[in-house]
There are 2 protein chains.
Amino acid sequence: MKLHQMRYIREVARQNLNVSTAAEALHTSQPGVSKQIQLLEQELGIQIFQRSGKRLTGITEPGQIVLDMAEQILREAENIKRVGEDFTKVNEGSLSIATTHTQARYRLPPAIKGFVERYPNIRLHIHQGNPSQVTDMVVSGEADIGIATEAIANHPDLVALPCYIWNRCIVAPHGHPILSDKPLTLKKLATYPMVTYDLGFAGSNTVRMVFEKQGVTPNIVLTAIDSDVIKTYVEMGLGVGLLAKMAFDPERDKGLSMLDASNLFPDSTTYLGVRKDAYLRTYMYDFIEFIAPHLNRKAVNIALQA
Amino acid sequence: MKLHQMRYIREVARQNLNVSTAAEALHTSQPGVSKQIQLLEQELGIQIFQRSGKRLTGITEPGQIVLDMAEQILREAENIKRVGEDFTKVNEGSLSIATTHTQARYRLPPAIKGFVERYPNIRLHIHQGNPSQVTDMVVSGEADIGIATEAIANHPDLVALPCYIWNRCIVAPHGHPILSDKPLTLKKLATYPMVTYDLGFAGSNTVRMVFEKQGVTPNIVLTAIDSDVIKTYVEMGLGVGLLAKMAFDPERDKGLSMLDASNLFPDSTTYLGVRKDAYLRTYMYDFIEFIAPHLNRKAVNIALQA
DNA sequence: CAACGTTACGCTCTTCGTAAAGATG
DNA sequence: CATCTTTACGAAGAGCGTAACGTTG
């Protein structure tokens, strides 16, 4: 049994059982991949892939188990490589972050700024997606760290660290009647056409449930995944905006007025998620600490143990 | 990075950093081991072992991390091998059970009997030890399954399955005053010299706490790890015996009388422990079901997932 | 017949074992 | 100086790539 063989079967499975494209992705020859898979199957005494004649048509039952274990082994091998780099190339490497628009646009910039000053030679990738995409990217190892308010806390392979707590605000064009009609209530809010986040984003579930519980039906005329889109349409007069307070910038958003809405909705928590079995490079710990100062290396390790 | 190199560094660490004996244990030449370790260290860019001149004198900090990961990889590789065997050699293999004397002597025999009838070609090993040794053997992979009342439920790498519930009895030579002095109470029990299990065995903690809570101090004149030893000394008149009810056999223990003591002590639960990340061969699932019929394959898998 | 997987074969790089040399306490 | 590790080197073996062959839809 060889580590290479694990890579081969994993790649073939990933490439929809196409050995040729798998070979290409692995930068090697197709017959070599074929051969090694056969050798592995022979050694284990089982078929990993189903074949109809010469085509691979599926994954056998034991094959699936083996593939899962191979995945595990390769992850661990990757971790070992990282240990080496962590101790020799302290200031080199890459950091891949998966997050949602609101976090990327309004919450991460200061942390990123501090991080790139400290580690100018780390290649930084920020992937944007919806919370479940963020979760998937961390689970699959495409991203080292995921940051989102939804989804990320409920995956068995991840550990979720509470990052920060936030609440919402209402934005409207200057002079809009909602601004003077104090105090603000859910009922009043529901009388105006509203623009807010897509389902599955930024605590939208929480918002929905609050309205439901109070027996109030909001008039949502537009949803977006993007705070800036929401603000743009609010500015155009489409309705009032309900968004994360951190997404309102009095400097930039001069065309809008803001009302705190934290009395109407419960606080939401944004989580940072990492794979339980990932080896975190030192700079990753540092990045986490840049985002949430209470999450120092020790605190993260304690969470990872449990 | 090669799987072989993982084996080499693990074995060197196990053999107290002696490369020569490690090579012997691996059935290969000593220079080969040396070389591969150097190659690995070179590839990772770190020292795994500390050296003073040519002697290995310790494990470096990154080395320890790498060793832990290597261990994990090799465990997973072992699991893959088992998958193959499980699907090809259904009726071959070995089953290694670690347990305490009382279980081995009084509880396992019927399960073992059923098992060897079903799987006559599986090599069976029963290791006897105290509960913490049992736990260690399962954790290290020396044993596939551990069975004990103590210790085994509290290890993070193991999953503990409740196996069966039992309670205690009092044994005494025929005609002993305790037998007629009904009803039996803790206070009365404490007036007689007593023979029972060693600390750390068979719920001895529970027993101690029950006495303590009632403010009664038992007069324990002898402890043993072994129910048969306890009974022998009781028969000799050393005192009354407090032991697991399952360990009293009216057929064999004709020289003794038995009093149920389950009203004096809370029930104890015996657990069966397996490594969370172990691949269990089909016959291992079957063995577990022989011991505890409610623990069928499905139930065990559900426990392993969580 | 186009796309794909397997077989065949020669080349290269790795690995392994023996022998010798160097270091340690 | 006995024990242990590293270096050196030749033989055996494993892996890889090209080319040819066989299948499948």
Side-chain angles (χ1 to χ4, degrees), chain A residues 1-60 63 66-67 70 73-74 77 80-81 84, chain B residues 1-60 63 66-67 70 73-74 77 80-81 84:
Chain A
M1 200 185 319
K2 304 269 153 61
L3 276 177
H4 252 132
Q5 297 171 330
M6 304 293 118
R7 291 207 182 83
Y8 287 7
I9 60 172
R10 175 178 68 174
E11 196 59 36
V12 168
R14 284 188 179 169
Q15 303 285 349
N16 294 312
L17 310 175
N18 186 321
V19 179
S20 305
T21 56
E24 208 169 325
L26 293 162
H27 306 293
T28 185
S29 72
Q30 179 272 323
V33 175
S34 237
K35 186 89 181 280
Q36 288 305 315
I37 292 177
Q38 288 172 51
L39 283 173
L40 178 61
E41 290 185 324
Q42 200 177 323
E43 180 181 346
L44 297 178
I46 54 169
Q47 295 251 118
I48 295 171
F49 299 108
Q50 283 168 346
R51 294 168 171 82
S52 77
K54 291 198 167 185
R55 302 293 165 96
L56 305 198
T57 56
I59 297 170
T60 65
V66 170
L67 278 164
I73 288 182
L74 292 169
I80 288 189
K81 248 178 59 192
Chain B
M1 200 185 317
K2 303 269 154 60
L3 277 177
H4 253 133
Q5 297 171 331
M6 306 293 118
R7 291 208 182 84
Y8 287 7
I9 60 173
R10 176 179 68 174
E11 197 57 38
V12 169
R14 283 188 180 170
Q15 302 285 349
N16 294 312
L17 310 175
N18 185 322
V19 179
S20 305
T21 57
E24 207 169 326
L26 293 161
H27 306 294
T28 185
S29 73
Q30 180 272 324
V33 176
S34 236
K35 187 88 178 280
Q36 288 305 315
I37 293 177
Q38 287 172 53
L39 282 173
L40 178 61
E41 290 185 324
Q42 200 177 323
E43 180 181 345
L44 298 178
I46 54 170
Q47 295 251 118
I48 294 171
F49 298 108
Q50 283 168 346
R51 284 154 232 247
S52 77
K54 291 198 169 185
R55 302 293 167 96
L56 306 198
T57 56
I59 297 171
T60 65
V66 170
L67 279 164
I73 287 181
L74 293 169
I80 287 188
K81 248 179 59 191

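Throughout, a chain's letter reflects where its sequence line sits, starting with A, and its residues are numbered from 1.
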So do the side chains of [X] and [Y] get within less than 4.5 Å of each other, counting heavy atoms only?
X	Y	result
B/Lys2	A/Leu3	no
A/Thr28	A/Tyr8	yes
A/Thr60	A/Phe49	no

Subject >> Most 5' of A/Leu17 and B/Gly32 on DNA chain C, judged by nearest nucleotide >> reply: A/Leu17
Original post:
Between C/dT18 and B/Ser29, is there an OP1 or OP2 to side-chain N/O distance shorter than 4.0 Å?
Top reply: no
Original post:
OP1 or OP2 of D/dT6 less than 4.0 angstrom from a side-chain nitrogen or oxygen of B/Arg51, does that happen here?
Top reply: yes
If I take atom [atom1] in residue [X] and atom [atom2] in nucleotide [N], what distance separates them, rounded to the nearest angstrom?
X	N	atom1	atom2	value
B/Tyr8	C/dC16	OH	C1'	8 Å
B/His4	C/dT14	NE2	C1'	13 Å
B/Arg55	C/dA23	CZ	P	12 Å
B/Lys35	D/dC9	NZ	P	12 Å

Of the candidate nucleotides [options], which contains the atom at the shortest distance from the side chain of [X]?
X	options	value
A/Asn18	D/dC16, C/dG5, D/dT6	C/dG5
A/Lys54	D/dA8, D/dC16, C/dT6	C/dT6
A/Pro31	D/dA19, D/dA14, C/dT15	D/dA19

**OP:** First locate atom CD of B/Gln5, then atom CD1 of B/Ile73, and finally report the distance between them rounded to the nearest 0.5 Å.
**Re:** 11.0 Å
